[in-house]
Each structure stands twice: as C-alpha cells, then as structure tokens.
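Notes to accompany the following structure.
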Amino acid sequence: MPASDPSAAYLKLAPFLVGRARRGVVGSSRYASRLREQIRQAAADPARKAVLVSGEPGLEKDNIAALIHFGSPCRRRLLVRLAGASLRGDGANLFGPSGSDGVGFLLDSLGEGSLLIDQVDQVPEALLPALLELAATGRWRAPAGNGPWRQFRGRLLFTAECAQPQLDGLCQVIRVPPLRVRRQDLGEWLRYIVRLRAPGLGWTVAPRVSEAVVKRLQAYDFPNNLRELDALVARALQQARRQGGGAAMATAAAAQTLPEDVFWTPTRPSRLRFDLWRWKPGLRNLMRSPRLWNTLLFGLVSWVFVLVNLWLWFGPQDRQHNGALNLFWAWWWPLILLGYPLVGRLWCSFCPFMVWGEITQRLARWLGWQPRPWPRGDTDRWAAPLLAAGFAAILVWEELGNLENTAWLSSALLLVITAGAVLGSLAFEKRFWCRYLCPVGGMNGLFAKLSILELRAQAGTCSGSCSSYACFKGGPAEGEGLASEGCPLGTHPAHLSDNRNCVLCLNCAQACPHRSVQLRLRPPAADLQRTMDPPGGEAALILVLAGGVCLNHWQRLLGWLPWAPASLHSGDLLIRLAVAALALALPALLLLPLRLLLSRERWRLVPYALLPLLWGLLLARHLPHGLLEAGRLLPVTAAGLGSSLSGVQIWIAALPEWSADPHVLAFCQSLSVLVGALACLPLVLRLLQPGRLGLALAGSGLLLLAASGRWLVAL
C-alpha cells in the first residue's frame, strides 16, 4: 500500500495517535490560572512556535501538550505522540523514508498536525542536533545526511522532566508547577478525580471528600504529583467500598463522605526510633490488657473522683486543712507537667472527666439513646479557638475566685469540665469533648508534642493487610486482635502526624491483629516540624497559657498601675476583670513586633518554637506547691479530720511530713526555666531557619525571656 494513501498513513500512525486531551487544568490558584493562560497563548500562537512543557514526574505534561494542540485552530489535524526513549540515535524511525522500519514517513503524513516528543530528555544524544534543527527551522532530511532538505509544516511539542537549555531559546517554555507548590488546588483535584473514578469502581453517586482529608493531605508533598494522587484516590474508593460492605455503600442513594482513614500517604521517615514492644514483647501483652484498663478506669478512678469532690465540698475550704486541695494543686499540677516530656497525653487515657462521660454514654445507649456519629469535616476550625477561649475563662476564674485556696470552687471547676464531657458523650459517639473542647485535654495535647514517647502504626502494613479498620472504627476480635470500640478520638494510628490526638489508651494496639501498632521512644519535640499544619486556635492556646503565668504573678507586672486593686480576690469586679484581661494579653502584646519582622509562614511557627520555655515556666510556677506542700499531705489531711474530732492533735503532730529547702526550690525553678530555654534553640533552627544574625537575635531574645520568666515566678 503506497505511503501517499491517507488511509495507509492513518493505519500506520494509529498506535501513536492522541485522540483527545484527558482533562483540563483543575484548580483556582494563581498557579493554575497562569498555567491555563500559558496554554491558551500557546494554542493561539499564529506562528505555531515549538513548545517545551517541563516539570517533575507525574504532572501529565503530555496532557498539557494535548491541550495546546486541541485548543489551536489545527485541532482537527492529527496529534502523534512518540516516546523520546523509543527513538533511535540515527533518527531512522523519525526521519527515515516511507516504508522504512518504524514511522519514518510521519513528518510527511502529519501535514499541519502536531508531533509530540514525550520526555525529550531521554532522546539519544546523537539525535539532538537534528531535533534542534527541526525545532528552529522546521527542516529535516533522511538519516544518511546527503538527501535534500524537506520542510515540516506541522508543530513540534516537547515534554521534559529536567531543564533543556538547548531548547529554551527555540521553544516557548511552559513550566508546570508541582502539586506541593499549588496546595490550594488539592481539594479541587481530589474531588475531580473522585467524580471521574467513582463510576468505574461501582459508585452510582460520587462520594464527598471532607475538608479534614484535604487539610491532612496538603501536608504531604506528593513527589509523583498527579499520578500519585490518582492512585491514592483509586485505592481510597476501593477501601471505602470494603469498609461499607461492598456494593451496598457504592450504590447508596445519597452521596456519602469518604472516611479519613482510607487515604494513605507514605509517612515521614522516622529516624532515631526505638520500639519498646519489640524490645520487651511481654510489655505489649501487659499494657494492652482490657482487664487492666477497665479496673483502673471504672473500678478505681471513677470512684476516687467522687470521693475527692465530696471531700472538696464538705471538708475544710483552705489548702492548709484540705487534703483534696493539696492533691490537686501540690500533686496533680507538678506531676502532670513533669509527665509531658515523658509520657505525653497519658493522663487523658484515665481522666475521670471522660470516665464519667463514657459511663453516661453507656447508660444512655442502654436506655435507647443513640449518640450521633463522629462528625466529619474540619471541626478544629471552630473548636480550637473556642477551646483557647475556654481555657482563658478558667484562668480568670481561678485567679478572681482564689480557687487555689477555695475547695468548693475547685470542685465546681472539676464538675463543670465533667459536665462538658457528659454532654459531649450524649451528643456524639466516642470522646468528642476530649479531642476538641476539653481545656485540660487541649493543654495535654499541646505539650504532648514535646514527649519522647509516641504510639504509631506502620502505614504499609495497615494499607496492605488490614480490611477491618477495627483500631479506628472498633469491631469484634480478629486473630490476636481483641474486641474493641476503636480509637476514642476518631484517629487512625497510621495517620497520626503528632501526639495531639493520641491519649495512649492502647485501644488500637488491642484491636490490631497484625502487630502494626508500635510504642516507640523518639527524640523530644519530634512532632514540631516546619511542614506541620496545626489548627488555627492552637497557637492562641499557647499564648493563653503564657498569659496564665503572667496572670498568676500580675502584681509584679501590673501592680504599679494607679488603678490596680490590692487583690484580684475582692473589690470592683470590672477593675479586676480588666487587670486579668491585660495580664493574659501580655505575651501576645510582647510577641506582636515579631509579626512585622517575619513572614506569615514563619510567624505562625513562633509560638511552637517557644513551647519548651512555656513548659519550663509553668513547671517553675507550680513547683512551690509541689516542693513545699506535697510532702505535707498526711498532716494536712489529718488536720482537716482532726478539726471535728477531739484528742487527735498529738497523733497529727506525729505524722511524717517533708518540705524542700527554699534554696532547693530556687535551684529547681532555675533549672526548669533553663532547660526549657535551651530546648527552644533547636526548635528555632528547625522551624524558623534563621540566618546567623537571626540566630544571634533569637538566642538573645530567648535569654531575655528566660531571665524575665525566672524573675517572674520567683517567690
């Protein structure tokens, strides 16, 4: 069949033809808008200058080239795509005469069509001069080099994954930005690919993608860009069908929201980790025992909490005679602060507030009440600022009401938080209150980022072996996995990016049949990374906690004001509120000048760089109670009982007690502030990446803050 026959040419070109562009450019960011404009200009170019589309792997650069061709006036002409790696060094399968091996006749057959050479960076080096000539002048000739020059009337399109300086001057260059640069577009890309793929995987109505999923995936860099995102969505749709019972979920009448746990991305490489359970396997079996946890929670903690509150209400009201106040202020506060760097948010796993929340939830279900499912979406958007405001209100109440020395008010605070846990448990399943709204839980989650302990699952094992998701949703026993109600905070252990949403309750370790969950030691503050994306209100909570230190020592800072009251415990309420609000706002006012010096991206990380210093100041603020009063628990308790009993004064005097020397207290306070300040230096380097001058200024600022804080908390 002669090569001049159009049908013969079409048949031979058929394997290389591109029939249409697969999709347009998705997104509303400035990068997407600029890319669309570049495509439009290239398509409308009357000179039909050659185009080079460059960018990282997986960006569908060949589709960009197709958009240029099919958006041009020559859209009805042919578009042929050849892989650069498939071309021969002598050019025989590109410039060879009609009838030679390959498609050497295509330049004649294309006419005014377009030739796309995909991945031109893989073209043999010997062929590059001929391609450069073709791009510059449109001329070409047979590989032997002695034939007549011929003219190509079509258009050349190239793609490349690395720079091609030799083509830059000959082509219009379009550089496609990677997905990690246009994170704003990720939500639109996700929803577009879900709508595109869902019908082929059995979904009659495309499911929705929550903002929480988008926000979590925006923290991932997607090294293979759209190709990786497409595979991620396909896997998520398949796993969501398995979770929802196959076709039953896929054919639901109304669109459903894809659960967060079906979107798997490779986790950040974890360096310097030590798996405790691999070192001591027996420790794993002991710690995941449901009998141990149930006995601790429902047999001990719940009833101790009741007794403590009765003690606070009906016992003596001052800290010198009430052992419950001593436990709360001299024992609980210093110990929980000391525990943050070691065990993170462990307190929340046996917190009495939520124990009574769980008891209420179980009773309500037994009576027929069904809490609503765990809410999907970005709840942190409104909950995190509300939590910070709630903690600020508690600090003001604590100072104005003298809670440290008023037993019934301390009990009222505990009962208010418990009421929030009970109402949250009635409204939603699991521990909605603990994750989003509990002020103590918010503080615990914040400082848990400093912990040397973490609970994580291996994403590869979970995505490849697990189909029940019992660690996340709960379910019956499977293999060595025990029956479980799932994660109380609604988080999959393989998706944890920091310790904020892990209370170390070990429900996931109990449920996992694949031993994917690991309890590991790690470097301190490993969660605090430049790429982290914390909720907006969390930084406000850091400032509120720092303001609490200022509020507790307000007389040193604001006592000079002419309108300052003698005490915040009595007097004009409006004046006391004004002083308390000003003291709480001092840390934010102090850091405000930095906002003018730093970019928005760096400014949002400043509070996290100061988190260890805040921990050190809070510990120093509560150490006087711990070192001076904790050792007097027995005589204080006995004194409260002895006030109503006769003949026990001699017995009270014989009880052992211990109190630290003031010099020891001063040393411990200085040490805690110094350790906190020194721990801030590596965080400043990691999060803010200052230059030499910036590092010197940051070090000087930290030294000044540490000295000021030490002066503030001194007795």
Side-chain angles (χ1 to χ4, degrees), residues 333-334 336-342 344 388 391 395 442-452 498-500 523-530 532 534 538-553 556-557 583-595 597-598 602-624 626 666-690 694-714:
W333 264 107
I336 196 173
L337 286 165
L338 284 170
Y340 287 143
L342 301 175
F391 207 104
L395 290 173
M443 177 184 67
N444 294 349
L446 182 66
F447 285 113
K449 299 173 187 286
L450 303 178
S451 174
I452 62 172
D498 62 28
N499 281 348
R500 173 177 173 256
D527 292 339
L528 300 178
Q529 301 290 335
R530 186 173 175 82
M532 65 183 181
E538 194 173 67
L541 179 59
I542 297 177
L543 297 178
V544 166
L545 288 168
V549 179
C550 297
L551 177 58
N552 186 252
H553 301 278
R556 291 194 175 188
L557 297 170
L584 274 176
L586 282 177
L589 296 174
L590 182 64
L591 292 179
L592 191 59
L594 286 177
R595 181 66 186 93
L597 300 175
L598 300 176
R602 288 188 175 186
W603 164 249
R604 72 181 183 88
L605 297 174
V606 167
Y608 293 94
L610 299 176
L611 192 58
L613 178 58
L614 174 59
W615 168 80
L617 288 173
L618 283 173
L619 181 59
R621 174 252 190 275
H622 287 282
L623 276 177
F667 172 78
C668 292
Q669 285 185 306
S670 300
L671 182 63
S672 67
V673 175
L674 179 62
V675 168
L678 292 177
C680 288
L681 285 175
L683 288 182
V684 168
L685 285 171
R686 184 194 307 168
L687 299 179
L688 306 180
Q689 297 180 349
L695 183 59
L697 292 174
S700 303
L702 282 172
L703 183 62
L704 180 61
L705 284 175
S708 303
R710 178 64 186 92
W711 164 80
L712 185 62
V713 299

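Keep in mind that this is a model prediction, so the values were computed, not measured. When a residue number appears, it is its place in the shown sequence, counting from 1.
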* Structure fact -> For L450 and L528, the nearest pair of non-hydrogen atoms, with its separation, is CD2-CD1, 4.1 Å
* For R602, enumerate each residue passing the salt bridge (Lys or Arg N to Asp or Glu O under 4.0 Å) test, keeping only those at least two apart in sequence or located in another chain. => none
* **Pairwise distance CG(L584) to CZ(F391) - rounded to 0.5 angstrom** => 10.5 Å
* Looking at S672 and L623, what are the two nearest heavy atoms and their distance? -> OG-CD1, 4.4 Å
* CG/N499 to CD1/I452 distance, rounded to the nearest 0.5 angstrom? -> 11.0 Å
Review item, side-chain donor-acceptor pairs of residues 695-706, under 3.5 Å, at least two apart:
from	atom 1	to	atom 2	distance (Å)
S700	OG	A696	O	2.9

* To do: Identify the heavy atoms of S451 and G344 that sit nearest to each other, and give their distance.
  => OG-N, 3.4 Å
* **Exam field: side chain R710 to backbone A620, donor-acceptor pair closer than 3.5 Å** => no
* To do: Measure the shortest side-chain to side-chain distance between D527 and M532 over non-hydrogen atoms and say whether it is less than 4.5 angstrom.
  => no
Table please: side-chain donor-acceptor pairs of residues 605-616 below 3.5 Å, with sequence neighbours left out.
from	atom 1	to	atom 2	distance (Å)
Y608	OH	E538	OE1	2.6
W615	NE1	L337	O	2.7

* Is there a side-chain contact between P587 and C550, using heavy atoms and a 4.5 Å cut-off? -> yes
* Between atom CD of Q669 and atom CG of L617, what is the distance when rounded to the nearest 0.5 Å? -> 10.5 Å
* Asked: Are any non-hydrogen side-chain atoms of L446 and L545 less than 4.5 angstrom apart?
  -> yes
* Do you know which two heavy atoms are closest between W603 and L594, and how far apart they sit? -> CZ3-CB, 3.9 Å
* Asked: Do Q529 and R686 come within less than 4.5 Å of each other through their side chains, counting heavy atoms only?
  -> yes
* Heavy-atom pair of closest approach, residues L543 and A588 -> CD1-CB, 4.1 Å
* Using atom types as modelled and distance alone, determine if a side-chain donor or acceptor of R621 lies under 3.5 Å from a backbone N or O of H553. => no
